Amino acid sequence: MPAYRYVNAIESAANGTDVVVKSSSGSTTPLSELSRYVAAMLQGKAGGDNTQELEAWRRAKEATLRECNELYRRLGVLLNDDDVRGELLRADASACNRGSSGFAPIQVRSVRRHHGHLSSGQGRALYLSRKARRHAGIQRAQGDPLPMIIQKSDGASLYATTDLAAALFRCAHPTKHPVDLKTPALADMLAKLGGGLGADRVIYHVGSPQKLHFDMLFPAVHALGWSRKPDGTRTLLEHVSFGSVLGEDRKMLRTRSGDSVKLKELLEEAVDRAEKQLRETESDADKKRGFSDGEIRQVAETVGIAAVKYADLCQNRNTDYVFSWDKMLALQGNTAPYLLYAYARIRSIHRKGAESGSAGQGGTIMLAEPAERDLALAILKFPEVIDSVADALMPNYLCEYLYDLAGRFMTFYENCPVLKAPDAAIAASRLRLCDLTARALKLGLGLMGIRTLERM
RNA sequence: GCGCCCGUAGCUCAGUUGGAUAGAGCAUCGGAUUUCUAAUCCGAUGGUCGCAGGUUCGAGUCCUGCCGGGCGCGCCA
């Protein structure tokens, strides 16, 4: 059972009790006191015996990871438990308790108690200098400092604290990127994590509502000098934001509200629809490929998942988009199945070509027909497109390109017989065009984690 | 109140440093299968690029204002 169901159950149980408090926006937020306590407890700041609670938390975490890993496997995502850095949760805010010296040139100051319901004590925050703020392009009216709170009044650390620690972990490396840490507590933490990753580029793929958070985090990391490498260059920290998924009412679908669509269910539905379509063609005497039941399920699995991945990636990531089952699971038009179909058609030609002995690589490519020329020109654009996608981190450029490439191939396919070409030289030339197209499609789709099919 | 993002065809969206008659999918309508996979192809219909100014030889794209929508703003993540 996924962990969010435990959380939902606890939340509904607590509904209507005195744990419900009013948030600053006027709405009631249940459990805020309790969740604050839990946060402190997990960081060992709550005191008392919490063995039972810690055990419950451990179970919830395990259940969550199990569910995630299952989805990762199905999606071909390579992350596993070794990539989880839960220790960073313990990033200790006390590392900056010794005052501002550890974080120079950033000021660490106490923050005033903001809401009345906090426990006693004072939180602490990083204040970026005016220069650092200006450099980051953060303008705040009347220049009042923008604090990044890294320690709560009860001593617990927050999102910003762990993200700060995580940034250090990702930038630093014992030899490639040694970082001079002025606080022993931080050095200890880093050592325990193996000294850091020494990354050249760190990409934060996080929704756009958190833009402000990164606008504070990155300048802080740079100002602390953590990103500065021995050769004078800096680790690149990038927030690759993406828009929100909206419901039909145009309101944001929120993961934590629990009313969003579950990925698992989405994948099931996608695979079901792909299978239904496949069984339909199999029942048509003219179209049937002669797949076995097992093959049908395998193909449907690949097609369905490809459709979902592609539907998500082909949109400009910055814009919010309205969720629609039909769009997400479409099998016609600008979709993964269209690209997979183009690929399968090419592979089919190669299989038949191999049978008749006309297969072969290399040789001259002749571009006599307009369709041949259009296809060849598209193939030539491939490297340039890959570069721009990597640079701008916009997968939709790649989708747009691949759809265009596949479209040109389809036109070529309809107009230029390959194996039945007028002569052997033309056949060889067209076969080579087919092969180059297939390789571009496979590589491009592969970059988006989409597997190709030899037959579909 | 302050800040960020968005407004393009009936619907969902592209439009990558400003560049030629603004593109695609879906939907609608009409065609194509004795030929390598019809999950395909070809064609048609459909837009005052929210509104008003400005900069420019040239603006969907840049600037200003307005209207409409979304998101965020000191101890949630």
Side-chain angles (χ1 to χ4, degrees), chain A residues 23-24 29 31-32 35-36 39 93 111-115 118-119 121-125 127 138-142 144-154 156-163 206-213 215-216 241 243-244 246 250-252 255-256 274 277-278 280-281 284 286-289 303 314-316 318-324 326-327 330-335 337-338 340-342 344-353 356 385 388-389 391-392 394 396-397 399-400 403-404 407 410-411 413-421 427 430-431 434 455-456:
Chain A
S23 76
S24 55
T29 309
L31 291 185
S32 50
S35 59
R36 240 193 309 277
V111 285
R112 291 221 178 125
R113 285 173 63 178
H114 186 60
H115 299 300
L118 283 176
S119 57
Q122 291 251 282
R124 302 180 75 82
Y127 284 83
I138 301 171
Q139 256 105 36
R140 188 83 169 171
Q142 279 77 50
D144 58 318
L146 199 61
M148 184 168 74
I149 297 189
I150 56 171
Q151 185 176 36
K152 297 195 224 179
S153 306
D154 58 12
S157 49
L158 313 79
Y159 185 42
T161 327
T162 53
D163 248 9
V206 182
S208 50
Q210 294 188 44
K211 184 180 186 302
L212 183 62
H213 167 68
D215 280 346
M216 294 191 288
S241 69
S244 307
L246 311 177
R250 296 205 151 256
K251 295 278 183 194
M252 247 174 93
T255 319
R256 290 153 85 193
Q277 160 100 43
L278 194 50
E280 216 164 275
T281 49
D284 187 323
D286 292 337
K287 299 178 185 173
K288 75 176 296 176
R289 328 268 197 247
V303 170
C314 77
Q315 201 119 199
N316 182 318
N318 288 309
T319 39
D320 296 349
Y321 71 92
V322 177
F323 179 84
S324 141
D326 285 340
K327 194 173 89 185
L331 305 172
Q332 266 80 37
N334 185 1
T335 62
Y338 181 85
L340 293 177
Y341 185 66
R345 276 181 145 183
I346 297 173
R347 299 306 301 158
S348 177
I349 291 174
H350 278 86
R351 276 194 303 277
K352 297 222 156 121
S356 62
V385 171
S388 75
V389 171
D391 186 51
M394 297 286 273
N396 65 311
Y397 292 172
C399 294
E400 190 187 345
Y403 181 63
D404 177 66
M410 294 295 192
T411 304
Y413 184 90
E414 304 282 340
N415 293 296
C416 306
V418 178
L419 301 175
K420 291 169 187 170
R430 289 181 179 171
L431 208 52
C434 285
R455 297 165 68 212
M456 75 178 272

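In what follows, every chain begins at residue 1, and chains take the letters A, B, ... in the order their sequences are listed. Everything numeric in this text was worked out from a predicted model, so none of it was measured.
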Output the rounded distance in Å from [atom1] ([X]) to [atom2] ([N]).
{"X": "Leu246(A)", "N": "rC11(B)", "atom1": "CG", "atom2": "P", "answer": "16 Å"}
{"X": "Asn318(A)", "N": "rU16(B)", "atom1": "CG", "atom2": "C1'", "answer": "12 Å"}
{"X": "Glu400(A)", "N": "rU16(B)", "atom1": "CD", "atom2": "C1'", "answer": "9 Å"}
{"X": "Arg347(A)", "N": "rA39(B)", "atom1": "CZ", "atom2": "P", "answer": "19 Å"}
{"X": "Gln151(A)", "N": "rC75(B)", "atom1": "CD", "atom2": "P", "answer": "14 Å"}
{"X": "Tyr321(A)", "N": "rA14(B)", "atom1": "OH", "atom2": "P", "answer": "11 Å"}
{"X": "Gln210(A)", "N": "rG70(B)", "atom1": "CD", "atom2": "P", "answer": "20 Å"}
{"X": "Met216(A)", "N": "rA77(B)", "atom1": "CE", "atom2": "P", "answer": "13 Å"}

NA contact type, [X], heavy-atom cut-off 4.0 Å: base, sugar-phosphate, or nothing?
{"X": "Thr411(A)", "result": "sugar-phosphate"}
{"X": "Leu340(A)", "result": "nothing"}
{"X": "Gln315(A)", "result": "sugar-phosphate"}

Starting at the 5' end of nucleotides 17-25 of chain B, put B wherever the base has a protein heavy atom under 4.0 Å, S where only the sugar-phosphate does, and a dash everywhere else. -------SS
Judged by nearest nucleotide, the residue sitting upstream toward the 5' end of RNA chain B, Tyr159(A) or Ser244(A), is Ser244(A)
Earlier contact from the 5' end, RNA chain B, for Lys211(A) and Tyr397(A): Lys211(A)
Asn415(A) side chain to Thr411(A) main-chain N or O, any donor-acceptor pair under 3.5 Å? yes
For the backbone of Met456(A) and the side chain of Arg289(A), can you confirm whether one donor and one acceptor N or O come within less than 3.5 Å of each other? yes
Check the interface with nucleotides 33-38 of chain B: list each N/O to N/O pair with the protein under 3.5 Å, or write none.
unit_1  : atom_1 : unit_2    : atom_2 : d
rU35(B) : O2'    : Lys420(A) : NZ     : 2.3
rC36(B) : O3'    : Lys352(A) : NZ     : 3.2
rC36(B) : O2     : Val418(A) : N      : 3.4
rC36(B) : O2     : Leu419(A) : N      : 3.1
rC36(B) : N3     : Val418(A) : N      : 3.0
rC36(B) : N4     : Tyr413(A) : O      : 2.6
rC36(B) : N4     : Cys416(A) : O      : 3.1
rU37(B) : OP1    : Ser348(A) : OG     : 2.4
rU37(B) : OP2    : Ser348(A) : OG     : 3.0
rU37(B) : OP2    : Lys352(A) : NZ     : 2.9
rU37(B) : O2'    : Tyr341(A) : OH     : 2.5
rU37(B) : O2'    : Arg345(A) : NE     : 2.8
rU37(B) : O2     : Arg289(A) : NE     : 2.7
rU37(B) : O2     : Arg289(A) : NH1    : 2.9
rU37(B) : O2     : Arg289(A) : NH2    : 2.3
rU37(B) : O2     : Met456(A) : O      : 3.4
rU37(B) : N3     : Arg289(A) : NE     : 3.4
rU37(B) : N3     : Met456(A) : O      : 2.8
rU37(B) : O4     : Met456(A) : N      : 3.1
rA38(B) : OP2    : Arg345(A) : NH2    : 2.2

Think Asn396(A) has a side-chain N or O under 4.0 angstrom from the OP1 or OP2 of rG15(B)? yes
Between Thr319(A) and rG70(B), is there a contact of a side-chain N or O with OP1 or OP2 at under 4.0 Å? no
Considering all heavy atoms, the nearest [X]-[Y] contact:
{"X": "Val385(A)", "Y": "Tyr397(A)", "answer": "CG1-O, 4.2 Å"}
{"X": "Ala427(A)", "Y": "Val418(A)", "answer": "CB-O, 3.4 Å"}
{"X": "Ala274(A)", "Y": "Val303(A)", "answer": "CB-CG1, 3.9 Å"}
{"X": "Ala160(A)", "Y": "His213(A)", "answer": "CA-CE1, 3.9 Å"}

Spacing of Glu400(A) atom CD and Asn334(A) atom CG [to the nearest 0.5 Å]: 9.0 Å
Taking Watson-Crick and G-U wobble pairs with both distances under 3.5 Å, convert RNA chain B into its dot-bracket string, 5' to 3', dots for unpaired and | for cross-strand pairs. (((((((..((((.....[...)))).(((((.......))))).....(((((..]....))))))))))))....
Of the options rA77(B), rA14(B), rC41(B), whose atoms approach the side-chain atoms of Met410(A) most closely? rC41(B)
